[in-house]
Amino acid sequence: MTGWLGRTTWNDGNAPFSDMPPQLVFRQVLKHEVASSLGIYRGQKRVGTVNVTPVHNPSDSVSLDGNIIIPQDGGRPETYSFSLRFDLEHTQLHPETISLRLSRRQPPLNALIEVLLAAQKVRYNIRNGDLDLGMQELPLSGGGLTTFAPALAGLPPMPMDPQALLQTLESQANRASFVIRGERMDGYRVKISGAGLTATATLGQLGEIFVLRTSTEYHLLADGLDTKKYLP
């Protein structure tokens, strides 16, 4: 008890407990299937929303559905709707397939990108205005996914090869105690890092997400929480 009080006091009321395998936290998230409704923030400014939905069945998965406003160089910001789904391998819960659907009303855009990790392939179908490529396929190790496909969707190039990012991913987890909306509760902290990027999430005992901070300027925060208190 004395040790716990000490850690709570010296960690701004957010006490870490013992480390634990990240897979145990991921299994808790999948088991309870508690969805999280979050705002997307660029710094302190809200630029979108996302609903995170874990599904536990013979094919475990996590889906993210929402919208985001992306600034454009020399033009007005554009609003995109997206649906991102991770289909997970059952034992270690590593991604097996990643599917992204992206749409924009003006100018019209509809895109489907599927990363097939087992087959080391990427499939994509992009319709941008009058341009319709039909279904295309690339090797995962090629540069097309990071440069050519985003350019067709009107997006900047991806900062890294998705395969390289997945190969360098590392995760850490621990039990934690923290204050949310003035109430102390126990839960988990999970840190995922790879290719120079990091993301740290604070989750409740049932796997609900309260805060996700990243090493970029974008972060996620549960609806109703104060950005000045929970975001950098």
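Being a predicted model, the structure only gives us computed values, none of them experimental.
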Asks: If I compare all heavy atoms of S36 with all of G207, which pair ends up nearest, and what's the gap?
Replies: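 Minimum heavy-atom separation between S36 and G207: OG-O, 4.4 Å.
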
Asks: Is there a continuous path of hydrophobic side-chain contacts, each under 4.5 Å between heavy atoms, that joins M185 to L206?
Replies: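 Result: no, two separate clusters.
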
Asks: Would F82 end up clustered with L212 when hydrophobic side chains under 4.5 Å apart are linked, directly or stepwise?
Replies: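 F82 clusters together with L212.
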
Asks: Side-chain contact, heavy-atom cut-off 4.5 Å: V62 with V29?
Replies: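 Result no, sub-4.5 Å side-chain heavy-atom pair not found.
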
Asks: Do any N or O atoms from the side chain of T53 and from the backbone of A35 form a donor-acceptor pair under 3.5 angstrom?
Replies: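 No.
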
Asks: Considering only heavy atoms from C-beta outward, does the side chain of I40 approach that of L220 to under 4.5 Å?
Replies: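 A side-chain contact exists here, since the closest heavy-atom pair is under 4.5 Å.
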
Asks: Given side chains that start at C-beta, do those of L197 and T214 come closer than 4.5 Å, heavy atoms only?
Replies: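 Side-chain contact under 4.5 Å: no.
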
Asks: According to a 4.5 Å side-chain heavy-atom criterion applied to Ile, Leu, Val, Met, Phe, Trp and Tyr, with indirect links allowed, do I126 and L84 form part of one hydrophobic cluster?
Replies: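 Same hydrophobic cluster.
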
Asks: On a heavy-atom basis, which atom in P95 and which in L117 lie closest, and how many Å separate them?
Replies: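 Where P95 meets L117 most closely, the heavy atoms are O-CD1, 3.0 Å.
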
Asks: Verify the neighbour count for atom CZ of R101: are there more than 12 heavy atoms of other residues, nucleotides or ligands below 6.0 Å?
Replies: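 Open: at most 12 neighbouring heavy atoms sit under 6.0 Å from CZ of R101.
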
Asks: Quick check: do P232 and H219 have side-chain heavy atoms less than 4.5 Å from each other?
Replies: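 Contact flag for P232/H219 side chains = yes.
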
Asks: May I have the step-by-step check of side-chain hydrogen bond (donor to acceptor under 3.5 Å, both in side chains) for N110 and S103, ending in yes or no?
Replies: CA-CA 4 Å; N110 283 283; S103 64; 4.7 Å; no

Asks: Spell out, yes or no, whether Y41 and Y230 are grouped together once hydrophobic residues are joined by side-chain heavy atoms under 4.5 Å, including indirect joins.
Replies: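 Both belong to a single hydrophobic cluster.
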
Asks: Around atom CD of Q44, are there more than 12 heavy atoms of other residues, nucleotides or ligands at under 6.0 Å?
Replies: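 Yes - once you tally the heavy atoms of other residues, nucleotides and ligands closer than 6.0 Å, there are more than 12.
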
Asks: Atom CG in L203, atom CZ in F178: separation rounded to 0.5 Å?
Replies: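 With rounding to 0.5 Å, CG (L203) is 7.5 Å from CZ (F178).
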
Asks: Starting at NZ of K45, measure out to CG of L231 and round the result to the nearest 0.5 Å.
Replies: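 The distance works out to 15.0 Å.
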
Asks: Would you give the length of the straight line joining atom CG of L38 to atom CG of L221, rounded to the nearest 0.5 angstrom?
Replies: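 Taking CG in L38 and CG in L221, the distance rounds to 7.5 Å.
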
Asks: How many angstroms lie between OG in S81 and CG in D65, if you round to the nearest 0.5 Å?
Replies: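 Here the interatomic distance stands at 10.0 Å.
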
Asks: So do D186 and Q205 actually touch side chain to side chain, heavy atoms under 4.5 Å?
Replies: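 A side-chain contact exists here, since the closest heavy-atom pair is under 4.5 Å.
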
Asks: Is it the case that one hydrophobic cluster holds both L88 and V34, taking links as side-chain heavy atoms less than 4.5 Å apart, direct or via other members?
Replies: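 As far as the 4.5 Å side-chain criterion goes, V34 and L88 are not connected within one cluster.
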
Asks: Tell me if the CD atom of Q106 is crowded by more than 12 foreign heavy atoms within 6.0 Å.
Replies: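 For Q106, atom CD is crowded (more than 12 foreign heavy atoms under 6.0 Å).
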
Asks: R175 versus Y188: any side-chain heavy-atom pair under 4.5 Å?
Replies: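 With C-beta onward as the side chain, the pair touches.
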
Asks: What distance do Q136 atom CD and Y124 atom OH have between them, rounded to the nearest 0.5 Å?
Replies: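 Taking CD in Q136 and OH in Y124, the distance rounds to 5.0 Å.
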
Asks: Contact between Y218 and I68 at the side-chain level, heavy atoms closer than 4.5 Å - yes or no?
Replies: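 Yes. Closest side-chain heavy atoms under 4.5 Å.
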
Asks: Name the one of V122, I98, T97 that satisfies side-chain contact (heavy atoms from CB on, under 4.5 Å) with L116?
Replies: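 That would be T97.
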
Asks: Ignoring hydrogens, what is the shortest heavy-atom contact between S193 and T198? Give both atom names and the distance.
Replies: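 For S193 versus T198, the nearest heavy atoms are CB-CG2, 3.6 Å.
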
Asks: What closest approach, in Å, do R104 and T79 show between heavy atoms, and which atom pair accounts for it?
Replies: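 Distance-wise, the nearest heavy atoms are CG-O, 3.6 Å.
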
Asks: Hey, could you give me the CG/CZ distance between L100 and R85, rounded to the nearest 0.5 Å?
Replies: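 L100 CG to R85 CZ: 13.5 Å, rounded to 0.5 Å.
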
Asks: Any idea which heavy atoms bring G39 and D223 closest together, and the distance?
Replies: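 For G39 versus D223, the nearest heavy atoms are N-OD1, 3.7 Å.
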
Asks: Under 3.5 Å, is there a donor on one side chain and an acceptor on the other for R184 and S177?
Replies: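 Per modelled atom types, R184 and S177 side chains form a pair under 3.5 Å.
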
Asks: Is there a donor-acceptor pair under 3.5 Å between the side chain of E33 and the backbone N or O of H56?
Replies: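 Pair found, side chain donor or acceptor close to backbone of H56.
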
Asks: Which atoms form the tightest heavy-atom contact between D87 and S61, and what is the distance?
Replies: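 Residues D87 and S61, closest heavy atoms: OD1-CB, 3.5 Å.
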
Asks: Crowded around R181 CZ? As in, over 12 foreign heavy atoms under 6.0 Å?
Replies: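 Atom CZ in R181 is packed in, count exceeds 12.
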
Asks: Is the shortest side-chain heavy-atom distance between I70 and E78 below 4.5 Å?
Replies: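 They are not in contact (no side-chain heavy atoms under 4.5 Å apart), so the answer is no.
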
